[in-house]
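Structure record follows, encoded as structure tokens.
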Amino acid sequence: MASQKTDKHYQLSQDAKDKFYEIFNKKSFPLSVKFQFIGNEKQKNLIKVSKLTDQYAFLLDKELLVSINENLLSIFDDESITILIEQEIDGVSIDMDSGKIKMIKPDLSTFSALVTKYGIKKIAKANLVADLYQQQVADGKEEFIA
């Protein structure tokens, strides 16, 4: 029989799963989502959520893979754990009509020094203007009004 642990992957503890569900259940999703959990001691981030390919989703009857490095759970305080898990959950998008799940990128990505210098609101506004410009260029509009 195969071992339950490889050099980096292992069965995730129920405590880690419960912590994930505690945070996930506070979010509002239009449909239920089936998760496959795995522990990964070599993972540099606390948590990573990814969409399973169609073949694995079919075989496992799951839709998303949640990989957690439990060694890091003991390092972070509760608030940091909540923030890191929420960040990953917020990347999950479900189309209410089709039920399809996709992973989306964060709507704000920047450097901490810029957040300190300008604040979140100004950076978000600048990123929004840049995104709107790119969308108008893609739509074939030459003139842009900020």
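Residue numbers start at 1 and run along the sequence shown. All values reported here derive from a predicted model rather than from experimental measurement.
- Both Y10 and I75 are assigned to one and the same hydrophobic cluster, defined by single-linkage of ILVMFWY side chains at heavy-atom distances under 4.5 Å.
- Under the 4.5 Å side-chain heavy-atom criterion for grouping Ile, Leu, Val, Met, Phe, Trp and Tyr, F24 is not connected to L52 through any hydrophobic cluster.
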Where do I81 and L46 land on the side chain to side chain contact (heavy atoms under 4.5 Å, CB included) test, with the steps shown first? CA-CA 8 Å; I81 291 169; L46 172 69; 4.2 Å; yes

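- The shortest distance between side-chain heavy atoms of K8 and Q43 does not fall below 4.5 Å.
- Remark: side-chain polar atoms of D95 are paired, donor with acceptor, to backbone N or O of S98 under 3.5 angstrom.
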Output, in order, the C-alpha distance, side-chain angles, deciding distance and verdict of side chain to side chain contact (heavy atoms under 4.5 Å, CB included) for V92 and F29. CA-CA 9 Å; V92 177; F29 278 88; 3.7 Å; yes

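- Heavy-atom neighbours of K125 NZ from other residues, nucleotides or ligands within 6.0 Å: at or below the threshold of 12.
- By the 6.0 Å contact criterion, CD on Q14 is enclosed, its count of non-hydrogen atoms from other residues, nucleotides or ligands being greater than 12.
- Counting heavy atoms of neighbouring residues, nucleotides and ligands inside a 6.0 Å radius, atom OH of Y21 exceeds 12 of them.
- T82 is not listed as a side-chain neighbour of E22, based on a closest heavy-atom distance of 4.5 Å or more.
- Of the possible donor and acceptor atoms, none in the side chain of Q36 sits under 3.5 Å from a partner among the backbone N and O of L60.
- Put simply, the side chain of F20 does not reach to within 4.5 Å of the side chain of L12, judged on heavy atoms.
- A continuous path of Ile, Leu, Val, Met, Phe, Trp and Tyr side chains, each step under 4.5 Å between heavy atoms, connects L72 with V66, placing both in one hydrophobic cluster.
- With hydrogens and angles ignored, the 3.5 Å screen pairs a side-chain donor or acceptor of N69 with a backbone N or O of E41.
- Partner of V33 under the side chain to side chain contact (heavy atoms under 4.5 Å, CB included) criterion, out of V49, I94, I89: I94 alone.
- The environment of Y56 atom OH is sparse: at most 12 non-hydrogen atoms of other residues, nucleotides or ligands sit within 6.0 angstrom.
- For the side chain to side chain contact (heavy atoms under 4.5 Å, CB included) with S93, the qualifying choice from M103, K102, K100 is K102, the only one to do so.
- Side-chain contact between I123 and V115 is present, with heavy atoms from C-beta onward closer than 4.5 Å.
- Using a distance-only test at 3.5 Å, with no hydrogens or angles considered, no donor-acceptor pair links the side chain of E63 to the main chain of I101.
- Following chains of ILVMFWY side-chain contacts shorter than 4.5 Å, one cannot reach I23 starting from I83, and the two form parts of different hydrophobic clusters.
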